Structures are given as structure tokens and as C-alpha cells.
Amino acid sequence: MPIQFLESSNQGLFWMKKYYKNNPQLDHKKASINFLQAQSLLCQQPFSGHKYENFDDIRELKISGCNFSILYTYRRNTIFIIDIRDQRGLRSSIALEDFNLKLRKKYNL
């Protein structure tokens with residue numbers, strides 16, 4: 001099953017990479033492996049994440065071993081990644097707003 005990273009996920013991906021780069025005491029390789037495993041799980045079981053807040057069509061899957069999760073929606077046999085969310089902050093509200101206002105229409109979601 002294909003995964004498509006939406007433009008709204010760029011900041012989250014950048015932040016996750018920067019976070020691990022700026023904290024060398026953390027295991028960057030393990031986080032990368034866990035991120036890939038989370039993507040693989042989504043491909044096999046697209047409803048494995050729980051519903052995110054009050055959104056019926058947006059789900060969240062925690063990436064094991066770190067403070068990040070994947071916000072996504074599932075449509076037309078494709079997983080659309082909305083954001084890579086740092087669970088300790090509220091930055092995902094910007095990505096969700098971008099998704100709701102622009103990307104839903106652009107990708108017919």
C-alpha cells in the first residue's frame with residue numbers, strides 16, 4: 001500500500017531530524033528504524049492508529065521508542081501522512097489547519 005507524505009508533514013519531518021541531530025545522546029538509528037517500522041505497520045494495517053482528537057478521518061500512530069507519532073488519513077488505498085507530530089507540543093495544529101484548508105481539496109480527501 002502506498003504512503004504519500006503531504007506538504008504539511010515537511011515541518012514535522014524536519015523537526016524530528018533536527019531533534020535527534022541536536023540530541024546526540026539519543027539513538028538516531030533506532031528512531032529511524034522505528035519510524036520505518038511504523039510506516040510498514042501502516043501499510044499492513046492502515047487502521048492501526050487511534051482516532052486523533054475529534055477528527056473522524058485522521059488517525060495517529062505512535063512511533064515506538066520516541067516522542068513522535070504519525071498523523072495520517074487513509075483514502076483510496078493510500079496512506080496520506082499529514083504530520084510527524086512531536087507529542088510534547090502543539091505544532092501539529094498548524095499542519096492540521098493546512099490539511100483541512102488546502103490539502104483536503106488538493107488531494108480530494
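What you see is a predicted model; the values in this text were computed from it and never measured.
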Test of ring centre spacing under 6.0 Å for F68 and Y19: yes
Are side-chain heavy atoms of [X] and [Y] found at a separation under 4.5 Å?
{"X": "I84", "Y": "I70", "value": "yes"}
{"X": "Q37", "Y": "I33", "value": "yes"}
{"X": "Q4", "Y": "R75", "value": "no"}
{"X": "Q11", "Y": "D98", "value": "no"}
{"X": "N100", "Y": "F55", "value": "yes"}
{"X": "F99", "Y": "L109", "value": "yes"}

Atom pair [atom1]/[atom2] of [X] and [Y] - distance to nearest 0.5 Å:
{"X": "L42", "Y": "F47", "atom1": "CG", "atom2": "CZ", "value": "11.0 Å"}
{"X": "Y72", "Y": "F80", "atom1": "OH", "atom2": "CZ", "value": "13.5 Å"}
{"X": "M16", "Y": "F35", "atom1": "CE", "atom2": "CZ", "value": "6.0 Å"}
{"X": "L96", "Y": "L101", "atom1": "CG", "atom2": "CG", "value": "10.5 Å"}

Can a donor-acceptor pair be found, under 3.5 Å and without considering hydrogens, that links the side chain of [X] to the backbone of [Y]?
{"X": "S8", "Y": "I82", "result": "yes"}
{"X": "N34", "Y": "S64", "result": "yes"}
{"X": "S69", "Y": "E60", "result": "no"}
{"X": "R59", "Y": "G49", "result": "yes"}
{"X": "R76", "Y": "N108", "result": "yes"}
{"X": "D86", "Y": "R88", "result": "yes"}

Parallel, tilted or perpendicular: rings of H28 and Y20 (30°, 60°): perpendicular
Closest non-hydrogen atom pair, Q39 against I3: O-CD1, 3.6 Å
Contact summary for C43 and P46, nearest pair of heavy atoms: O-CD, 4.4 Å
Same apolar cluster (I L V M F W Y, side chains within < 4.5 Å links), W15/L26: yes
ILVMFWY network linking M1 to F5, side-chain heavy atoms under 4.5 angstrom: yes
E7 and K102: CA distance, side-chain angles, deciding distance, salt bridge (Lys or Arg N to Asp or Glu O under 4.0 Å) verdict: CA-CA 10 Å; E7 299 93 307; K102 300 174 192 168; over 6 Å; no
